[in-house]
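Okay, so here's the structure we're looking at.
For the numbers below, each heavy atom of this structure counts, side chains included, while hydrogens, waters and symmetry mates do not.
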Amino acid sequence: MWSEIVAILAGLVLLTGVMSVVPGLGRYLEGIGQFLTGFKAIIGAIALIMGIVGILSSVSILNVMLIVAGLVLLIEMLPMIPGVGNALEKFALWLSSGQVIIGVITLIVAIISLLS
């Protein structure tokens, strides 16, 4: 259950700026996303760690999306990792071009996983 909650938070942060187009709930979701943006690095680190730990026990789309969302959210911090930081940053920069798509997929996968 915690993985799904972290994935929902990560998805909301990734979608900040485009949530206002959702009819009815858009402005509320946008406000939540803007608030969570202050915790972007924390949410990204938790998502990345939970995704890596989760993928060690079972490969699932939720764990993969947690890793991808975590990398995109931590894009500014990745160069600080010794050895692999620069390579991870390049990969995350490449992924960030599809930030909205990653956010939507992460959010959908998390909600479906939470409901099932």
Side-chain angles (χ1 to χ4, degrees):
M1 179 171 105
W2 289 107
S3 296
E4 289 88 352
I5 292 172
V6 171
I8 289 171
L9 294 176
L12 287 173
V13 173
L14 288 171
L15 291 172
T16 301
V18 295
M19 293 298 270
S20 58
V21 299
V22 176
L25 295 173
R27 64 182 174 147
Y28 301 112
L29 293 174
E30 186 71 30
I32 292 170
Q34 288 176 350
F35 171 75
L36 291 173
T37 302
F39 303 100
K40 180 179 172 179
I42 296 169
I43 293 170
I46 293 171
L48 185 61
I49 292 168
M50 288 182 91
I52 291 170
V53 169
I55 215 162
L56 292 176
S57 63
S58 67
V59 177
S60 70
I61 189 73
L62 179 64
N63 292 329
V64 171
M65 292 313 298
L66 280 169
I67 292 171
V68 171
L71 285 173
V72 173
L73 291 174
L74 288 173
I75 206 162
E76 296 93 16
M77 306 253 179
L78 292 175
M80 295 181 206
I81 301 172
V84 296
N86 291 331
L88 284 176
E89 181 189 25
K90 287 178 185 176
F91 181 62
L93 278 171
W94 178 75
L95 284 174
S96 68
S97 63
Q99 178 175 335
V100 172
I101 295 168
I102 292 169
V104 168
I105 293 171
T106 303
L107 200 55
I108 290 171
V109 167
I111 291 171
I112 290 171
S113 180
L114 190 63
L115 294 176
S116 61

Taking atom [atom1] of [X] and atom [atom2] of [Y], what is their separation to the nearest 0.5 Å?
| X | Y | atom1 | atom2 | value |
| --- | --- | --- | --- | --- |
| Leu36 | Leu29 | CG | CG | 10.5 Å |
| Asn63 | Met50 | CG | CE | 9.0 Å |
| Ile8 | Ile111 | CD1 | CD1 | 5.0 Å |
| Gln99 | Leu15 | CD | CG | 8.0 Å |
| Ile32 | Thr37 | CD1 | OG1 | 11.5 Å |
| Ile42 | Leu74 | CD1 | CG | 10.5 Å |

Is there a path from [X] to [Y] through hydrophobic residues (I, L, V, M, F, W, Y) whose side chains come within less than 4.5 Å of each other?
| X | Y | value |
| --- | --- | --- |
| Leu114 | Ile46 | yes |
| Val53 | Met1 | no |
| Ile43 | Ile49 | no |
| Ile75 | Met65 | no |

Heavy-atom pair of closest approach, residues Ala7 and Leu62: CB-CD1, 3.7 Å
Minimal heavy-atom distance between Ala10 and Ala69, with the atoms involved, is CB-CB, 4.0 Å
Tell me which pairs pass salt bridge (charged side-chain N to carboxylate O under 4.0 Å, His left out) where either residue lies in residues 66-85, with sequence neighbours left out. Lys40-Glu76
For Leu56, the hydrophobic cluster (side chain heavy atoms closer than 4.5 Å, chained through members) also holds none
Identify which one of Thr106, Ile102, Leu93, Leu48 satisfies the side chain to side chain contact (heavy atoms under 4.5 Å, CB included) criterion when paired with Val72. Ile102
Backbone N/O of [Y] and side chain of [X]: donor-acceptor pair under 3.5 Å:
| X | Y | answer |
| --- | --- | --- |
| Ser113 | Val109 | no |
| Glu4 | Ala110 | no |
| Thr16 | Gly33 | yes |

